[in-house]
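Remember, it's a predicted structure, so these values are computed and weren't measured experimentally.
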Amino acid sequence: MLSDAKIKRLPAKTKAYRETDIPTLNLVVQKTGRKTFLQRLTIHGKQEEIRLGDWPTVSLADARKQADENRTAAKAGRDPRQTVAGAMTVPTFAEAQEKVIAIHRGNWREGGKTEAIWRREMNTYAGALLPLPVDQITVRHLENVLAPIWTSKVEISKRLKQRCSLILKWAYAHGYRDGNPADLLDMILPKRKHRKQHYKALPFADVAEALVTIEQADAWWATKAAFRFLILTAARSGEVRNMTWSELDGDTWTIDGSRMKSGREHKVKLSRQALAILDQAREYSDGGDLVFPSVRSKVQSSFAMSHICKECGIEGTPHGMRSAFRNYAAEKTSFPRAVAELCLAHVNDNETEAAYLRTDMLQARAALLQQWADYVTGERGKVVRIA
């Protein structure tokens, strides 16, 4: 049998090992030196293992007492798996998920869809895991969830694997289980051959015709205006659809960091053509703060501009228009790469370069966006080049 003195002297080894105490009670010594009480019981005819907690947080005396109570409950036909030393309840996967969501919620964009997508996908594809205690989940459970969609729904399965791993890491860190079975998934799931799919984009030479087509379309004025404004500013759909009059100051549009993918404030110097669209929007304004409201004076649906593309037969997506702008900047202008990237509000992932390049290049960006606007609206005589 064990004693506190003996437990204290037990060394960490290259592999985890067990020391036996009273019947059904074991102490597992991990490679890290962590010492955990585990109890093996037959519950409803099936061999199960219950985690009683880590020593010395849970004393040897408390572990023995809890083991006796669990053994008595199992003999009486009850299931003691939800109870560990000190009456601490092992959370279900669903309960642990709530803890992890709460931890990460502060890093998600306010009003964004991250949490809703997380819950929807977990409920749809990993619903079988949710009621299980976190200490009972094995790599086989995870495989049963992921294998059916591993090659057919690549992005969703990738997100599910990451979320499951985060939840089980949380459970491990809080002493509810040993290790993270998600770490073993790469050994049992097949390798995937996947080429990232990009948003469909028009050749930049075709954007001028698309602008005319959109302007002439039989659609809600704000949807057409928003799409044209998106093209001229190389902005993202959400940035334009949520745009408010209070964000405008003369010819400068300032987008708060909470609305940006990068989380950083972004300024856009508007071209003459973009300002003309705003003049038209003021004429149609319903008095609200949204520049391009829906028919019901709310933020337009994320599908509104995509739908007008399909209706007009435009072979591209709203987001793909940013690619058209980027290709134009690379092939038809001599502006530095950094200027084009800043127009797209891309974060410089070169840490050394970013540490020294601290200017927002606002005037250079204004010149590039004006040249782009002149190009796609046919005013090609006013070309500005910066070496």
Side-chain angles (χ1 to χ4, degrees), residues 1-13 15-100 126-145 164-184:
M1 293 175 64
L2 296 171
S3 66
D4 285 316
K6 182 177 179 181
I7 293 174
K8 187 175 182 180
R9 292 195 300 270
L10 290 174
K13 298 181 181 179
K15 291 184 179 180
Y17 63 96
R18 291 175 182 252
E19 294 286 339
T20 302
D21 190 59
I22 62 173
T24 74
L25 180 63
N26 296 282
L27 181 79
V28 177
V29 183
Q30 303 289 341
K31 291 189 295 183
T32 58
R34 186 175 185 172
K35 299 166 182 177
T36 305
F37 291 110
L38 295 176
Q39 183 180 20
R40 284 183 173 174
L41 284 174
T42 300
I43 301 172
H44 301 320
K46 185 179 178 181
Q47 190 81 3
E48 302 287 358
E49 193 165 65
I50 301 175
R51 182 189 185 91
L52 303 182
D54 292 342
W55 183 89
T57 303
V58 175
S59 68
L60 177 60
D62 286 340
R64 287 171 174 169
K65 179 181 178 182
Q66 188 65 55
D68 284 337
E69 291 175 0
N70 291 345
R71 196 163 54 246
T72 300
K75 286 181 179 179
R78 298 193 302 273
D79 186 346
R81 284 179 296 176
Q82 291 292 318
T83 305
V84 297
M88 182 175 67
T89 300
V90 175
T92 63
F93 193 80
E95 291 167 340
Q97 174 180 248
E98 292 305 311
K99 297 291 187 181
V100 172
L129 299 178
L130 298 178
L132 299 178
V134 290
D135 63 339
Q136 300 301 311
I137 292 175
T138 66
V139 68
R140 186 63 62 194
H141 289 112
L142 301 177
E143 182 186 19
N144 290 340
V145 165
C164 289
S165 181
L166 285 172
I167 293 166
L168 293 170
K169 280 180 181 177
W170 177 89
Y172 173 54
H174 285 78
Y176 293 118
R177 62 167 299 120
D178 288 323
N180 181 3
D183 293 340
L184 304 174

With a 4.5 Å limit on heavy-atom distance, are the side chains of [X] and [Y] in contact?
X: W55; Y: K8; result: yes
X: V134; Y: Y172; result: no
X: L10; Y: L27; result: yes
X: L184; Y: L142; result: no
X: L129; Y: I167; result: no

For the [atom1] atom of [X] and the [atom2] atom of [Y], what is their distance to the nearest 0.5 Å?
X: I137; Y: Y176; atom1: CD1; atom2: OH; value: 14.0 Å
X: L2; Y: K35; atom1: CG; atom2: NZ; value: 10.5 Å
X: R64; Y: D21; atom1: CZ; atom2: CG; value: 4.0 Å
X: L132; Y: T138; atom1: CG; atom2: OG1; value: 9.0 Å
X: I50; Y: T24; atom1: CD1; atom2: OG1; value: 8.5 Å
X: R177; Y: L168; atom1: CZ; atom2: CG; value: 5.5 Å

Could you tell me whether R18 atom CZ has more than 12 heavy atoms of other residues or ligands within 6.0 Å of it? yes

For the student: nearest non-hydrogen atoms of [X] and [Y], plus distance:
X: D183; Y: S165; result: OD1-OG, 4.5 Å
X: G127; Y: P131; result: O-CD, 3.4 Å
X: P11; Y: Y17; result: O-OH, 2.6 Å
X: K31; Y: A12; result: O-CB, 3.5 Å
X: Q39; Y: A67; result: NE2-O, 2.8 Å

Before you tell me yes or no, could you show the steps for K6 and E19 under side chain to side chain contact (heavy atoms under 4.5 Å, CB included), namely the whole-Å CA-CA distance, both residues' side-chain angles and the distance that decides it to 0.1 Å? CA-CA 10 Å; K6 182 177 179 181; E19 294 286 339; 4.2 Å; yes

Name the residue from N26, D54, T57 that meets the side-chain hydrogen bond (donor to acceptor under 3.5 Å, both in side chains) definition with T36. D54

Measure from the side-chain N and O atoms of E95 to the backbone N and O of T92, and report whether any donor-acceptor pair falls under 3.5 Å. yes

Spell out, as yes or no, whether a donor-acceptor pair under 3.5 Å connects the side chain of Q136 to the backbone of E49. yes

I'd like to check the side chain to side chain contact (heavy atoms under 4.5 Å, CB included) partners of K99; sequence neighbours left out, ordered by chain and number. W170

Side chain to side chain contact (heavy atoms under 4.5 Å, CB included) partners for S59, two or more places apart: A61, D62

Evaluate L41 against E48 for side chain to side chain contact (heavy atoms under 4.5 Å, CB included), listing each step before the verdict. CA-CA 5 Å; L41 284 174; E48 302 287 358; 5.6 Å; no

